Amino acid sequence: MNADLILWRHAEAEDLADNEETGGSDLSRRLTAKGEKQAARMSNWLARNLPEDARIWSSPAVRTEQTVLALGRKYRLSDALRPDASPDDLLQLVQWPQLHHPTLIVGHQPTLGRVVARLLGLSEQECSIKKGALWWLHQRERNGVSQTVILTVQSPEFL
C-alpha cells in the first residue's frame, strides 16, 4: 500500500515567556507577523500540491490552528497532536502506514522530528524541523519490504 504523510511544523510563534507574562499558556501562543507570512507561503505551495482528498489534522494549540487556517481547507483538531504528544500518538491517530488518503499533520517539535527519525530509521531519535517547514513522506512496499521515502522537504523561506 502506498501512503503519504505530510508533517508541517507550525510557523513562528510568540515566545512562551512573553505569552506567560500576559497571562497566556503554551497552547494560547499566537503566530508572529513573520509566522503569518510563513504560513501563507507554505499554504500557497500546498494549495498547488496537496491532493483534494487529503485528510488534515491539527494540534489544538492556537499557533497550529493559525498555521492550518492559512490553507483554507477543512481540518480536524486532535489532542494526540498537542505539544507534548508522542510519535506513537500521532502515528496511531493517522493509522500509519495503513493510510487510505494522504494525510497532513500540523504539529510541533519534538514530536514531528521524532516521527521523521523513526520512519526513516535514523540513528538519532529526533530530527530537527524548522518552524513553518514541511516534510512529505511516502510509504511504499518494494520486494516485500516496507520503505519510507522523502518526497520533498519545503521551507517557507525558499518558496
Side-chain angles (χ1 to χ4, degrees), residues 3-52 54-96 99 101-120 122 124-137 148 150-159:
D4 286 356
L5 179 61
I6 304 108
L7 303 172
W8 186 10
R9 185 176 178 193
H10 67 78
E12 183 182 272
E14 302 168 329
D15 289 333
L16 180 58
D18 294 341
N19 194 48
E20 287 176 337
E21 285 177 12
T22 60
S25 68
D26 182 41
L27 291 178
S28 68
R29 290 170 48 210
R30 302 186 61 77
L31 294 183
T32 62
K34 178 181 178 181
E36 289 173 1
K37 290 176 186 172
Q38 290 173 331
R41 274 192 225 112
M42 191 60 71
S43 291
N44 288 335
W45 183 87
L46 278 167
R48 294 187 309 273
N49 294 285
L50 188 64
E52 285 299 319
R55 302 292 193 252
I56 302 172
W57 290 91
S58 174
S59 158
V62 170
R63 62 193 179 274
T64 53
E65 268 204 270
Q66 286 181 293
T67 299
V68 76
L69 280 169
L71 187 56
R73 292 201 196 176
K74 291 182 182 180
Y75 64 93
R76 295 175 69 183
L77 299 177
S78 175
D79 282 339
L81 303 174
R82 292 173 65 95
D84 57 353
S86 74
D88 291 332
D89 294 336
L90 186 154
L91 294 171
Q92 184 176 355
L93 172 71
V94 301
Q95 301 175 353
W96 179 268
L99 298 173
H101 299 276
T103 301
L104 171 64
I105 299 293
V106 184
H108 308 272
Q109 274 294 91
T111 306
L112 297 180
R114 290 176 179 162
V115 169
V116 167
R118 179 184 296 179
L119 297 182
L120 295 178
L122 302 178
E124 296 294 320
Q125 290 186 354
E126 185 178 321
C127 175
S128 183
I129 296 179
K130 188 173 173 70
K131 290 178 184 169
L134 176 144
W135 284 61
W136 194 313
L137 305 174
T148 301
I150 301 170
L151 293 184
T152 190
V153 175
Q154 297 293 330
S155 177
E157 285 76 18
F158 290 97
L159 297 176

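Just so we're clear, the structure is a prediction, and the values are computed from it rather than from any experiment.
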Rounded to the nearest 0.5 Å, how far apart are [atom1] of [X] and [atom2] of [Y]?
X: Leu104; Y: Leu50; atom1: CG; atom2: CG; answer: 6.0 Å
X: Asn49; Y: Met42; atom1: CG; atom2: CE; answer: 10.5 Å
X: Ser78; Y: Leu93; atom1: OG; atom2: CG; answer: 4.5 Å
X: Ile56; Y: Leu77; atom1: CD1; atom2: CG; answer: 12.0 Å
X: Glu36; Y: Leu69; atom1: CD; atom2: CG; answer: 11.0 Å
X: Lys37; Y: Leu31; atom1: NZ; atom2: CG; answer: 13.0 Å

Between [X] and [Y], is any pair of side-chain heavy atoms under 4.5 Å apart?
X: Leu81; Y: Ser58; result: no
X: Glu52; Y: Arg73; result: yes
X: Leu159; Y: Gln154; result: yes
X: Leu91; Y: Arg118; result: yes

So, using side-chain contact (heavy atoms from CB on, under 4.5 Å) as the criterion, who are the partners of [X] when residues are at least two apart?
X: Glu157; result: Lys34, Gln38, Lys130, Ser155
X: Ser43; result: Trp8, Ala70, Leu71
X: Val116; result: Leu7, Leu120, Cys127, Ile129, Trp135, Leu137
X: Pro83; result: Asp26, Leu27, Ser59, Arg63, His108

With a 3.5 Å distance limit and no angle check, can you tell me whether [X] reaches the backbone of [Y] through a side-chain donor-acceptor pair?
X: Glu14; Y: Arg30; result: yes
X: Arg48; Y: Asn44; result: yes
X: Asp89; Y: Ser86; result: yes
X: Thr64; Y: His10; result: no
X: Thr103; Y: Val94; result: no

Between Glu126 and Arg114, does any NZ, NE, NH1 or NH2 come within less than 4.0 Å of an OD or OE carboxylate oxygen?
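Yes, Arg114 and Glu126 are salt-bridged.
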Thr32 and Glu12: side-chain hydrogen bond (donor to acceptor under 3.5 Å, both in side chains), yes or no, with the steps?
CA-CA 6 Å; Thr32 62; Glu12 183 182 272; 2.8 Å; yes
Restricting to side chain to side chain donor-acceptor pair (under 3.5 Å), what partner residues turn up for Thr148, sequence neighbours left out?
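Per chain and number, Thr148 pairs via side chain to side chain donor-acceptor pair (under 3.5 Å) with Gln139.
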For Arg55, enumerate each residue passing the side chain to side chain donor-acceptor pair (under 3.5 Å) test, keeping only those at least two apart in sequence or located in another chain.
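Per chain and number, Arg55 pairs via side chain to side chain donor-acceptor pair (under 3.5 Å) with His101.
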Where do [X] and [Y] come nearest, in terms of heavy atoms and distance?
X: Trp96; Y: Asp4; value: CZ3-C, 4.4 Å
X: Gly35; Y: Ala11; value: O-CB, 3.1 Å
X: Ala3; Y: Leu99; value: CB-CB, 3.7 Å

Determine, step by step, whether Leu134 and Trp45 satisfy the side chain to side chain contact (heavy atoms under 4.5 Å, CB included) criterion, reporting the C-alpha distance in whole Å, the side-chain angles of both residues, the deciding distance to 0.1 Å, and the verdict.
CA-CA 10 Å; Leu134 176 144; Trp45 183 87; 4.0 Å; yes
Could you give me the CA-CA distance, side-chain angles and deciding distance for Ile105 and Ile6, then say whether side chain to side chain contact (heavy atoms under 4.5 Å, CB included) is met?
CA-CA 6 Å; Ile105 299 293; Ile6 304 108; over 6 Å; no
